[in-house]
2 protein chains.
Amino acid sequence: MSVSKTIPVAWQRAHDHGQCIAPAINAAARICESRGIRLTPLRRRVLELVWENHKPVGAYGLLDELKREHSSAAPPTIYRALDFLVEQGLVHRIQSLNAYVGCNDPGHSHKGMFLICNDCGDALEIEDKGVANTIDRFASRLGFLLTSQSVEAAGLCPGCQEA
Amino acid sequence: MSVSKTIPVAWQRAHDHGQCIAPAINAAARICESRGIRLTPLRRRVLELVWENHKPVGAYGLLDELKREHSSAAPPTIYRALDFLVEQGLVHRIQSLNAYVGCNDPGHSHKGMFLICNDCGDALEIEDKGVANTIDRFASRLGFLLTSQSVEAAGLCPGCQEA
DNA sequence: TATTGTTATGATATAATATAACAATATCCG
DNA sequence: CGGATATTGTTATATTATATCATAACAATA
């Protein structure tokens, strides 16, 4: 599944995180350790499964994978793990897909946004202070106390426009 | 349910759309007429129900209301009507709530964003070219062809911060 | 090491949200 | 009118998510 050279680097990276799994797990372990919380074997494994999928995966997709090696897994098993990972900012939930994807830059503020391809299903996480700041300004102008924000845009990625 | 005077006007409006139902329906009727599509009695009624709720409502909440007067209504009934209304930009879907809310400004481009109160559940629609344009720029810089975008921020509205 | 409080997981059931598929009507338009 | 298209009815099922209570692992303290 090689990607044309005309496609911007940032998007290519989304297709190429096969090598990102181990570093992501290590980073997660360090973050959890520094926060004094536990990345248990189960949580770690779910995080790996999220990364092993190269696209956003649904909870039940992850559950099926987990069940193969962990027969006691049930919906609450996966949802608890995902809730934990999302709370800690190690995984993002894509609201418009009811799906989960590993965070490229955990430990930071998580004001990212996603570009989601309707064709191949891939999602590119973008760090963008501009959008986040604009939302912050709006909120404070209206007296609204922000706790989270979700910015998702859908369309066609460069690769999928060619077809 | 009066609102403190210290609360910005824009937010108050979200609490005060009791008077907005009829104009919203009329606007919808005009828009559909001009597009040569049919705002059938069923679709019109669902749109009214969306507006009669002063907050985002789920599909099954709407279905329960519709059933009282339309006993044949079933899940497909409400989802079809909602799909139509969303497609036509008369209703917005709030992804993070799986809920629907009337569009304050139908006929326009729908690059709005929502501020959603975690306490009272109300959602304020904001027209904001800044965020939309930033997303557009990002997308075109990456060669991504945008078709839709969803910007949702959650937190506490002014009224709910007082408690 | 007991005890106790806290956090995490197991297990079962069910709630909540959404769609598939096909039949029956209604509406449009030649 | 009559055929094509769009809308609604109907039943069944898929998909996503939580409630609940029991048990196990871990942490802190005495």
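Excluded from the calculations below are hydrogen atoms, water molecules and symmetry mates; all remaining heavy atoms, backbone and side chain alike, are included. Values in this document were obtained by computation on a predicted structure and should not be read as measured data. We name chains A, B, ... by the order of the sequence lines, and we start the count at 1 in each one.
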With centres under 5.5 Å and planes under 30° as the test, does A:Tyr60 stack with D:dT15?
no
Quick check on the hydrophobic clustering: are A:Leu156 and A:Leu115 connected, directly or via other members, by side-chain heavy-atom contacts under 4.5 Å?
no
Between B:Pro75 and B:Leu63, is any pair of side-chain heavy atoms under 4.5 Å apart?
yes
Within the structure provided, determine whether B:Phe84 and B:Leu39 are in side-chain contact (heavy-atom separation under 4.5 Å).
yes
From CG of B:Leu63 over to P of C:dA15, roughly how many Å is that when rounded to an integer?
16 Å
In whole angstrom, what separates B:Gln95's CD from C:dT17's C1'?
13 Å
Among C:dG10, D:dT7, D:dA17, the nucleotide that comes nearest once only the side chain of B:Arg43 is considered:
D:dT7
A:Arg45 near the nucleic acid: base, sugar-phosphate alone, or nothing, with a heavy-atom cut-off under 4.0 Å?
nothing
Can you tell me if the side-chain N/O atoms of A:His70 get under 4.0 Å from OP1 or OP2 in C:dG10?
yes
Sidechain N-carboxylate O distance under 4.0 Å for B:Glu33, B:Arg30
no
When you check the phosphate oxygens OP1 and OP2 of C:dA8, does a side-chain N or O of A:Thr40 lie under 4.0 Å from one of them?
no
In whole angstrom, what separates A:Leu62's CG from D:dT15's P?
15 Å
Verdict with reasoning, B:Ile116 to B:Asp122, per side chain to side chain contact (heavy atoms under 4.5 Å, CB included):
CA-CA 6 Å; B:Ile116 301 157; B:Asp122 213 337; over 6 Å; no
Whole angstrom is fine here: how far is it from CZ in A:Arg44 over to C1' in C:dA8?
16 Å
Is there side-chain contact between B:Tyr100 and B:Val86, with at least one heavy-atom pair below 4.5 Å?
yes
Pairwise side-chain contact, B:Val151 with B:Phe114, heavy-atom cut-off 4.5 Å (strictly under)
no
Quick one: bend of the helix from C:dT1-D:dA30 to C:dG30-D:dC1 from 5 pairs per end, to 10°?
30°
Less than 4.5 Å apart, side chain to side chain, heavy atoms only: is that true for A:Asp136 and A:Gln149?
yes
Report yes if the side chains of B:Cys103 and B:Trp51 come closer than 4.5 Å at any heavy-atom pair, otherwise no.
no
Whole-Å gap separating P (C:dT17) and CG (A:Leu97):
19 Å
What residues 74-92 of chain B contributes to the DNA chain D interface at heavy-atom separation below 4.0 Å is B:Ala74, B:Pro76, B:Thr77, B:Arg80
Salt-bridge test for B:Glu152 and B:Arg93: reply yes if a basic N is under 4.0 Å from a carboxylate O, no otherwise.
no
Can you find a side chain N or O atom of B:Asn98 that sits less than 4.0 Å from OP1 or OP2 on C:dA18?
yes
Could you state the CG-C1' distance from A:Leu42 to C:dA8, rounded to the nearest angstrom?
9 Å
Close residues, residues 147-156 of chain A, relative to DNA chain C [heavy-atom separation under 4.0 Å]:
none
Do B:Val101 and B:Asn53 make a side-chain contact, defined as non-hydrogen atoms from C-beta onward lying under 4.5 Å apart?
no
Taking only side-chain N and O atoms of B:Arg93, does any of them lie within less than 4.0 angstrom of OP1 or OP2 on C:dA18?
yes
So, A:Arg45 and A:Glu69, do they make that salt bridge, N to O below 4.0 Å?
yes
